[in-house]
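For reference, the structure discussed in these notes is given below.
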Amino acid sequence: MKWLSPFHIATVCLAIAADYTVKRLVEASFTLHEFNEMLPFLAIFRTQNTGVAFSMLDWLGEPWLLLIPLSILPLVIWLAVRTEPNQWIARVGFSLIVAGAIGNLIDRVIRGHVVDYILFYVGDWSFAVFNLADVFISVGAGLVLLQEVVDWRNRAKRLP
């Protein structure tokens, strides 16, 4: 099965649709910087990310912030296409990375910023606010790394 199989294309499309839907629901339901506790450590906190991950590089400005994902996406797709058919964990991971990148890119093109809304916190400490697309990118990267560990262990077992 090639990476650009119907399964992987469907995974990318469904993840993009889920990300887009949740972002629109958050925008429709919560005002900017409104804190809504869901659990004692998790809240919906709608904000606007004008930078890249964790709001870094927001000083670069719009053209550069569009060029970063547009230049990285072809590399990720190239890596995905080069995976072996038995590397299904990495293939799913690459699908999630591509979907997350496209989801955030859609926001940046349409709104000029990315809608973030998930906030983990403990007392006064909090993690950066992020969104479902960011989760897809992080989980996808974790799956690609997991595939590397699985492949490394399989190679080690074959050694004399």
Side-chain angles (χ1 to χ4, degrees), residues 3-80 83 88-148:
W3 179 74
L4 290 174
S5 72
F7 171 79
H8 297 101
I9 292 169
T11 300
V12 170
C13 292
L14 287 171
I16 291 170
D19 174 63
Y20 186 84
T21 301
V22 171
K23 285 176 180 172
R24 298 308 70 89
L25 284 170
V26 166
E27 282 187 313
S29 304
F30 302 100
T31 60
L32 195 60
H33 300 132
E34 179 182 346
F35 181 89
N36 294 281
E37 185 176 65
M38 307 304 281
L39 296 169
F41 57 87
L42 176 68
I44 301 294
F45 182 75
R46 180 180 156 208
T47 188
Q48 298 175 345
N49 182 348
T50 56
V52 293
F54 311 113
S55 296
M56 293 184 304
L57 305 178
D58 61 343
W59 51 269
L60 277 178
E62 194 61 34
W64 292 106
L65 291 174
L66 287 172
L67 282 174
I68 291 171
L70 287 174
S71 61
I72 293 172
L73 256 173
L75 173 64
V76 172
I77 293 170
W78 179 78
L79 290 169
T83 56
W88 63 271
I89 299 170
R91 288 176 176 231
V92 171
F94 282 123
S95 298
L96 292 174
I97 293 168
V98 167
I102 291 172
N104 281 339
L105 193 57
I106 289 169
D107 257 16
R108 192 163 307 284
V109 168
I110 292 174
R111 290 176 174 65
H113 63 269
V114 174
V115 176
D116 284 340
Y117 52 86
I118 301 170
L119 174 65
F120 281 106
Y121 64 94
V122 177
D124 291 337
W125 175 88
S126 66
F127 188 72
V129 183
F130 57 99
N131 61 42
L132 189 56
D134 299 331
V135 171
F136 291 148
I137 292 168
S138 298
V139 169
L143 289 174
V144 171
L145 291 173
L146 176 61
Q147 182 72 66
E148 288 299 315

For [X], check side-chain contact (heavy atoms from CB on, under 4.5 Å) against everything at least two apart and list the hits.
X      : result
Ile72  : Ile68, Val76
Ile106 : Ile16, Tyr20, Ile102, Ile110
Val22  : Val26, Tyr117, Leu132

Polar contact flag, side-chain donor to acceptor under 3.5 angstrom, His8-Ser5: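 There is such a pair (donor and acceptor under 3.5 Å, judged by atom type) between the side chains of His8 and Ser5.
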Qualifying residues under side chain to side chain donor-acceptor pair (under 3.5 Å), relative to Arg24, sequence neighbours excluded: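 Once residues adjacent in sequence are excluded, the partners of Arg24 under the side chain to side chain donor-acceptor pair (under 3.5 Å) criterion are Glu27, Asp107.
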Side chain to side chain donor-acceptor pair (under 3.5 Å) against Ser71, all qualifying residues, sequence neighbours excluded: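 Residues passing side chain to side chain donor-acceptor pair (under 3.5 Å) with Ser71: none at all.
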Find the distance between [atom1] ([X]) and [atom2] ([Y]) and round it off to the nearest 0.5 Å.
X      : Y     : atom1 : atom2 : value
Leu119 : Thr47 : CG    : OG1   : 10.0 Å
Arg108 : Leu70 : CZ    : CG    : 10.5 Å
Thr21  : Leu14 : OG1   : CG    : 10.5 Å

Contact list for residues 4-22, test salt bridge (Lys or Arg N to Asp or Glu O under 4.0 Å), sequence neighbours left out: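 Every salt bridge (Lys or Arg N to Asp or Glu O under 4.0 Å) pair that includes a residue of residues 4-22, provided the two are not neighbours, is Asp19-Lys23.
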Pairs where residues 31-48 contributes a residue and the test salt bridge (Lys or Arg N to Asp or Glu O under 4.0 Å) is met, not counting sequence neighbours: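 Output for this query is empty, none listed.
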Residue list, ring-ring contact (aromatic ring centres under 6.0 Å, His included) with Phe35, at least two apart or on another chain: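 Partners of Phe35 by the ring-ring contact (aromatic ring centres under 6.0 Å, His included) criterion, ordered by chain and then number, come out as Tyr121.
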Qualifying residues under ring-ring contact (aromatic ring centres under 6.0 Å, His included), relative to Phe45, sequence neighbours excluded: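 Phe45 satisfies ring-ring contact (aromatic ring centres under 6.0 Å, His included) with His33 only.
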Minimum heavy-atom distance between [X] and [Y], given as atom pair plus value:
X     : Y     : result
Val12 : Ser95 : CG2-O, 3.4 Å
Ala80 : Thr83 : O-OG1, 2.7 Å
Val92 : Phe7  : CG2-CE2, 3.9 Å
Ala15 : Ala99 : CB-CB, 3.5 Å

Distance-only donor-acceptor hits, side chain of residues 137-148, under 3.5 Å, sequence neighbours excluded:
from   : atom 1 : to     : atom 2 : distance (Å)
Ser138 : OG     : Asp134 : O      : 3.1
Gln147 : OE1    : Ile89  : N      : 3.1
Gln147 : OE1    : Ala90  : N      : 3.2
Gln147 : NE2    : Asp151 : OD1    : 2.9

Identified side-chain contact (heavy atoms from CB on, under 4.5 Å) counterpart of Asn49 within the set Val129, Asp116, Asn104, Asn131: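 Among Val129, Asp116, Asn104, Asn131, the one meeting side-chain contact (heavy atoms from CB on, under 4.5 Å) with Asn49 is Asp116.
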Ring geometry between Phe127 and Phe130 (parallel below 30°, tilted from 30 to 60°, perpendicular above 60°):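 It falls in the perpendicular class, over 60°.
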